Each structure stands twice: as structure tokens, then as C-alpha cells.
Amino acid sequence: MEAITITLNGVEVSGHPGMTILELARESGVDIPTLCYDPHLIPIGACRICLVEDERSGRLSASCVTPIEPGMVINTKSPKVMERRKMILKLILASHPDTCLVCDKGNRCELRKIASDMEVGLIELVKIPQLATIEEVNPFIERDLSKCILCAKCIRADHELVVQGAIEYINRGFTSKPATLNDEPLEKSECTFCGTCVAICPTGALMETKRPYSGTTAAIVSTICPFCGCGCNIDLEVKDNQIVRARPGKGSTVNRGTLCVKGSYGFDFTRSAERLTSPLVKVNGDFQVVSWEEALGLVASEFKRIKENYGSGSLALLSSSKCTNEENYLLQRFARSILGTNNIDNGSRLYSAANIIGLGSPVGFPGTTNHLDALEQSDVILVTEVNLTSAAPIVEYAVKRAVKYKGAKLLLIDPLQTGLSSFAHLWLRPKIGTDIAFINGMARVIVTEGLLDEEFVTRKTDNFEALSSELERYTPEYVEQVTGVPSDDMRHAAQLFAGATTASIVYGAGITQHVTGTNCVMALANLAMLTGNIGRRGGIYALQRDCNGQGACDMGTIPNLLPGYQSVEDTESIKKFADCWGTSLSADVGLTAVEMIEHAKDGKVMSMYIMGENPVLSFPNSTLVKEVLESLDFLVVQDMFLTETAKLANVVLPAASFAEKEGTFTNFEGRVQRVRKVVEPLGDSLPDSEIVLRLANSMGCPMPYSSLQQVMDEIRDLVPLYQGIGYGSTETKGERRDELDRDPFRNRRLYKGQFPSGFGRFSPVQYEPPVEIPGDEYNFTLLVGSILHHSGTGSKTSRSPRLSEFSPEAYVEIGPSDAEQIGIGQGDEVKVISPLGEVTTVVRFTTTLPDGVIVMPNSFSSTPVNQLFDIVLDPLSKTPALKACAVKLERI
Amino acid sequence: MDKTVETAKPDLKQVDEILSRYQDQKWPLIPLLQEVQDEIGYIPPEAIEPIARGTGLFPVQVQGVITFYEQFHTTPRGKNIVRVCRGTACHVRGGRTILKIVKQNLDVEEGETTPDMNFTLETVPCLGTCFLAPAMMVNKNYYGKLAPPKVRNILQQYDNAGD
């Protein structure tokens, strides 16, 4: 394409065809004011503020929607332009209240900024009073439409970025305004309170309702959201060592101007009154405040005593999928080199460990194989067993954008209705726990109908013969009988998937939290390899529940793997780390998270160190977990809050929040992103990395780091996946992209079209009937999942004033006909009973559930739903089954 | 309170039937809405969601189009539409009184429908028949040079028409 040259304010500049005048001007450093323009949105030329003059014709045009043409002579500040621009501004101001002095948008208001730049103050035009405020009672968004300038940014962000369809203009002329369906308040609409519209609104029309702190922003710090594994970039605005608000990170290719309700409003847990501010030691059953020296001295002496008396194997450490890479790296080094044990695991064991073997064995890399952009460009997207609305909101936005605006076809395989159901080209609902049969059925159709990518299968993979013979029994008739999905639909799905040029697979905890999770991931990997959708286009997107689930695993807080998935049983790897750390290392595979509890029950594990995890709520059989942790010889918990687990500890160490420390998170794509300190740690709390380093000192084995940068440097040297990643030399607070982000995928070798081992290996897997089948007594299948407003066990979100106000308590969803049969009504209190335990909650009717299926959220400490589950582990990944169990309901 | 009586729930099967005829059309929304209104007499708010689903739009977008155009109505309308002219010529010849008389006779305000669903009263800026001022229309018929007794007579004609 040939460049187009135009004259801009007397200077010749060139741009590519299709570029608008505004884009070229901004690129050339010429400022043109705008109100309705945003780089993430399709320009509509509504506000007319950006108009410029073509001096050849004297014609005025809106620069945001006018493409450049050869020979244009553009003046952005001609007298004619300035006169018209002023008049347009005055007309906008004529229907805008003069309440700037009391408006909290303050100096962030783009309208006020432009007025001030153009020296327009109070205007001479007759004011047109605007519509009154709509009363909203949600704790997130407040609309004052008297300040609305009808730029439609909120509506366009809702439709083009988030694809939610909550708002659109209603009425015509003077009475037109952005409104929900039937002009209801936001909380009664489709709105998810993602906050994208608030961040994009140029005026004070859309604002945060309940701000944790008010004041003019003094600094903006870019960091990473601490909730799910998407790794959204957020800009935190700070004043007086307090976070005022969060906005989508500017220029982020991960979240592109969007966030979800947790990202926008959930950060307020960092100033919860329940934060721990000093170390605590339990004396005679009560916690006493002590100094760091005293607390760490006690931990050090106890660990030494236990290690000497009972051996290294009697110590076990649980690291956190919510802590940074550096913190995870330090804790596993502490465990392996100082305590001398491989008994270290992290919280992602509970939901995504199936990827380690499930993807690691066939594909060679245990994680997502492509980036989010490629997902959005796919022709067919298979989303299976995951409610993206709550599990990975920005992935949901990407899928919806692909379907709505890029012609992608969505193949939804999920027994439950989700936010994506209405976007699905084909929505198939196999019976719960029958996914392997269904996916194998699709694979068999692809093989028998010759729809596979033969060249790819021949040249890039092996073990195809074994797969193809193992698939024999998955005839469409058999699969229909097992899954309940008509065979024609299944065949159609297979044809659709195989027929696509680019097909992607997205899955989450609905797959990996079943007993057969690892096998199911392998079945999905087979499907991707059969159709050539791995390593070059399309891909497998394995979601992570926590902000650093991927990174924690990358950093080797895994009992059998050193950092970078290097096996502890491999002498060369062990030697590499032992040499670097100057110590000998154990080559014995350690215990996984739930195994630690089982061994503690048998008295083999005497002491545990738990960093940022809450097993009492997150593990199955809470009653047993609590008993076992209470009976430990010595328990240390390092957390921000006195969680249900911390209450059982002998020593509690107060940790700093994500906003109070430096480091990196690795998102589910494998993107390593910088976490930055925004405010000072609360009270005497310390970053987890600092606590581990100080503890190592107390043990008399200091670790040789004077900064986190040195930790990352060591990671870079020892972990091939992290080669080339460093903090960068010119790091300053608030700076957007540093060396870290420049090529975040450099070492994820699948992005370059190569399997790490040279070949992908088909791994045939067999369907086994689910064990959670309801019987005569326990006649319902309970599914447990996350909800949008909470994450994990809710230890952070339940302490976010805004999130917990909006979503205060658990419930059980049930179909009205099922409810009628057992005589319960909407709002009734019921007991949900499994063979193992019971919880009490309230009934909520939902018309979308299959018969015999009920659903509960898992993030409420008052309704610890995990105590209904017995400990049953996936034999391969050791992930406890926490998705489905058979229960009965009793009315109270 | 709204003076319109609770009417039976609109039959959305008609909407589904109309939708099926617009399945493969590219920009079907406005003709589709017109057809729904012709068929049912108005566009029931309950029909917005099925229409949105059938046309691949968000319900708020369908609502946006319905509320943008004067021609679309989301509440049931009377069998007869009375449009009283509020143009300048009619105004100087007593249009305001004519409107008052119509309101008294029908016992409704502008934009409302009589409880028996026989009349809906609307006003228009100008009927374009200034030579007949003061004027009004009932359905497609013009009535000009109005006076209070004449108005009563005209309305009576339509009142009996249904029985």
C-alpha cells in the first residue's frame, strides 16, 4: 500500500490509506480535541468538536471520521475552525449544568478541559435544563444524565467492547438519552457493572457511586488486577496513600479498555478494616500481637525443631496462585533449599492442575497455546463447560466480539445456560460428566469422515493410529446414548469444528475439576491436533481462576517440578538448581495440596506453612480439613486477613496486598506482566516476598537477594520459559510498557508453530461414567461454580464493601418444576445435604437448568459448600473433584 | 392510573409467525415492526425480546428504534384514532376548545385510550387542511369547520359503529 501525503498545519505528513485525519494528526503530535472519539471504538463523528478545515475547499469535516486523501491541506486551528468549534462547544455547554465546582469528575472531565483550553467559560446562550437524575441503588455506578453530552461512548463501549447490550438510546430529539430496557435502573437491567462505561465517559454523567476515597488524583500507577487469571491491566489512581479508583489500563492489549466488576470496584478490599496489621502468635488459644522478630523467631525455631525431630518430609508448604512469580519462586526455594522438602504445592492444584499433564503430555507445554487476539480472530470457537461471565469476563467479551462482529461461529458445549448461550451457533447440552464421550465422539466423526488435517497429523504428531483405534467405540449412536445429545447435532458440531480454517477451544474449571479432568483435557488436545489447530493458528485456551495460577506453576511451587516444569527426578535439572543455590536438593517427589491434608491426618506431616491460601474453605471435606489443620504440631499462615484457615494457625503473618508490592503475574495466556506498588503496606504488614526472605534470615540461611529484580534475574537464568524477561533498566512508577511487556510470548514456543518436543502426541482417553450420579436418596446433582462478583473462597471479595453489598450471600438455584416436586418455593430456606455434610441457604428459581440439576456459588464463607464434597482426587492431576456431587434438599 | 383496561396478554405466536417470514432478510427490523403493529394493533413490550433474538439485535436496540419513530406504539390503541389539529390556523379558529370538547366527551387526556378501547386521542401540529379550520381527523376521515355540537355528533357515530 502506498503512503498518502497530506499537508497538516503547513507541514507535510504521510499516513497509510484508510487512516483518518485525526489518527494521522495524533501520530504526528498535532492535538485535536475530541469528546466522542476513543481508539477502542468505531468513530461516529457525533460531537463535531474535532472538526478541521481543508484549505483547498474551505470545507469543514469531522477529523475522526474523515479518511486522509492525497493532497489534502488540513488546518486544525484555522479561524473558521476555531469559531465553529467554540460554537459547538457552547451548544453542548448550553445543556450541561454549571456545577463543575461540585462535580467529582473535576479535572478529569474532558468537556471542562476543552472548554478551558478554548477559553470558553460561562456562556451567553439560553440554558436548556436536562433530564433529571435516575435513582440508582447499586454500589457501583451512578448516572446523572443531566451531564450527558450524548457522545454515545457508553453505548458503543457496551455494544462494541463488552457486547452486553445493557443500554441504547431511547426516544428522539431533546428527550433522547442512553437507557436500559424499559428505562429501568441499572441493577434491574442486563448491566454487569463492568465499569467500562464509567471509565470512558468524558463527563460526570457516569460515576462511581461509593468511592473508597475522594480527592483529586495525585498519581496513576499501572498494575495488574488481582482477581481472575485474565491479567487485565489496571490503572490505579492514588491520593494520600489511598486508592481512589481503578480504570482499565491504557494501551493494554489484554483488556483493551474494558474491565469487569471485580477489576473496577473490587480493589477496595485492600483497605478493609479486617486487614491484619501485625504478626499474631497464639498463646493458650488466643492470638497475641507480637513483633516480626518474635514471630519469625518462633517460626524458625519450630521449623528447625520439627525438621530435626521428624525429618524434612514432615514439613509441607502451600504456596499461592494469587502471589507473584517472585514470591512463589522464593517460597519454593525456601522449601527446597532450606527446609529440604519438595512438599510444596500451590492453590491452582484445586482447579487447573489437570493442564500440567493434560496439556503437558500431548502438547509439551502445560498452558494456553495462543494469545487472546488469535482467539478473537478464530472462525469457530468451542467453549466447553465454563461460565466465562464469571470465570474470565474479558475472554467472554472477546468471544462475543468474535461472534457479533467478526463472523465467528460459537460452538457451546455446556449443560448449563451461560451468558454465551444466546450467542451460540450451536449449543449442545451433554449430561454432566460425559464430556469425554462427547469430545471423543466429535474426534471419531472427524477421523471417519476424513475431516482431519492430514498434513499436520502426519508431519507434526505421532500416535495417531492408537488414537484412531481407541476412538472406534465412540460411534454417534453410543455417544448419543451416553450424553443425551442427538447424534446429528454432535456430527454437525464435529463438521463445523473441523471445517473451520481457524478453530479455538476454551475450557475452564467445569472440565478440570472433575475426577476425569486430566483425561478430558487430553481429549480436547486430541481434537485440536486432529484439526491442526495448535502451534500455528487457533489454539487451546486453558483458563486460570487466580491472577497468578499460571505463574505459580511456572515457578515450580509444584511437588514434582522445579521452576519451568523441570522434573525433580531429573538429575541434570536438580543439579542446575542445586549449583545455583549452593545446596543439595531432594529428588523425592513431594505431596500435592490435598495429599498434605491426608498425610497430616496420618501424622506424617507435622507442620504446614500456608501462604495466601484458605484450605478450610477451598478444599473438599472442610470438616476434616479443619480438624487436621487444628491438630498439626505447628501451623503458620501468611495472609492479608484472619481467614478461616488463619484462625487455626499458631502464627499468623500479615501480608501486604497486591497494591502494596512489586513483582510480576503471569496471566493465563503466559503473558508476564508487572505488578507495581501503589500504596504503602497497611500497618506492619509486609509483601510476601519480604516475609519469606526475613524468615530465611531467621532460619540462619539468608537468601542472597537485595532486590526483587535479582530474583527475576535468577528466574530468567534458570527457567527457559522466562528467558529474556527482566524488569528493565529504566523503570519508573507509572511508566506504561517496560522491557517485561515488550515480547511477553518470546519463550512460549508453541507460538512459533513448533511443539517443544518436535511432535504433538495423541493421547487416547476413555470415557468413564461419572461417580457423582444422583440416586434415590441424594436425588439432585449439585454443580458448584464461581459467580461474577466473587472470586476464590471470597476472602478478598467478601471484604470488598461494594462487591459484598451487591452480592452478600449464597443461594441455591433450582428449576421451578423440580422445586414444586419437593414443595419448596422461591426465597425458602433449605438444607442442602450430601452424605458428608450439609449447608443452609435460600432458594432462587432459575428456568434454565436441566431437570435434577441445582447450582450453588462457592465463594461464601457463611455457606461453605465444599463441606458437601468428599475427598476424591483425579488420579493423574491430584485435583480434588469439586464440581459436582449428589445431594438432597430439605425445607427448613 | 392508566385508564386503559387490562387487555388480554398479546398473542406472541403472531410475532413468531411474522419473524419466521423475515429470517433471511438483511435489515428487517422496521418493516417487521410495522407488520407486528398492523397485526396486533401495537408492539407489545413482551415482543421486544423475541424480535431482538430473531433479528440478532440487543433488546435495547429494538426499543431504541421503536421509541425513535412516532409511528410505533407500545401500548394498545383504540379502534378509532382521533387526531385533533393544534396548528396555528385551527388555534385562532378555536382549536383549543375543540380539543377540550373531545377530551370531555371521551373522558381521556391526549395520548390516552378510552377504557372500552374504542378511542385513542392524539393531537397533531397541523393536519394541512387550514381551509377547514378548526379541524380533526377520525381514522382516515377529515372533519372541518368544527363546533362543539358537531364534534359530539361525529364522535357518536364512531361510538355506535362497533355495536
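Each chain gets a letter, A, B and so on, in the order its sequence line appears, and its residues count up from 1. Everything numeric here is computed off the predicted structure, so don't read it as measured data.
B/Glu49 touches chain A through its side chain: at least one heavy atom from C-beta onward sits under 4.5 Å away, while N, CA, C and O do not. Interface remark: B/Ile48 contributes side-chain atoms only to the contact with chain A (heavy atom separation under 4.5 Å). Residue A/Ser189 does not touch chain B at all, counting heavy-atom pairs closer than 4.5 Å.
Listed in order of number, the residues of residues 161-172 of chain A that approach chain B to under 4.5 Å between heavy atoms are A/Val163, A/Gln164, A/Gly165, A/Ala166, A/Ile167, A/Glu168, A/Tyr169, A/Ile170, A/Asn171, A/Arg172.
Between the side chain of B/Lys145 and the main chain of B/Phe131, a donor-acceptor pair closer than 3.5 Å is present.
Annotation: A/Tyr265 is not in aromatic contact with A/Phe193 [ring centroid separation under 6.0 Å not met].
Of the options B/Asn80, B/Asn118, B/Asn105, a side chain to side chain donor-acceptor pair (under 3.5 Å) to B/Asp159 is made by B/Asn118 and by none of the others.
Salt bridge absent: B/Lys13 and B/Asp16 never bring a charged side-chain N and a carboxylate O closer than 4.0 Å. In summary, B/Glu17 and B/Arg21 engage in a salt bridge, as defined by a charged side-chain N under 4.0 Å from a carboxylate O. No salt bridge links A/Lys406 with A/Asp379; every basic N to acidic carboxylate O contact stays at or beyond 4.0 Å.
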**Message:** salt bridge (charged side-chain N to carboxylate O under 4.0 Å, His left out), that's the test. Do A/Glu160 and A/Arg401 meet it? Break it down for me.
**Reply:** CA-CA 7 Å; A/Glu160 293 171 26; A/Arg401 286 195 297 260; over 6 Å; no

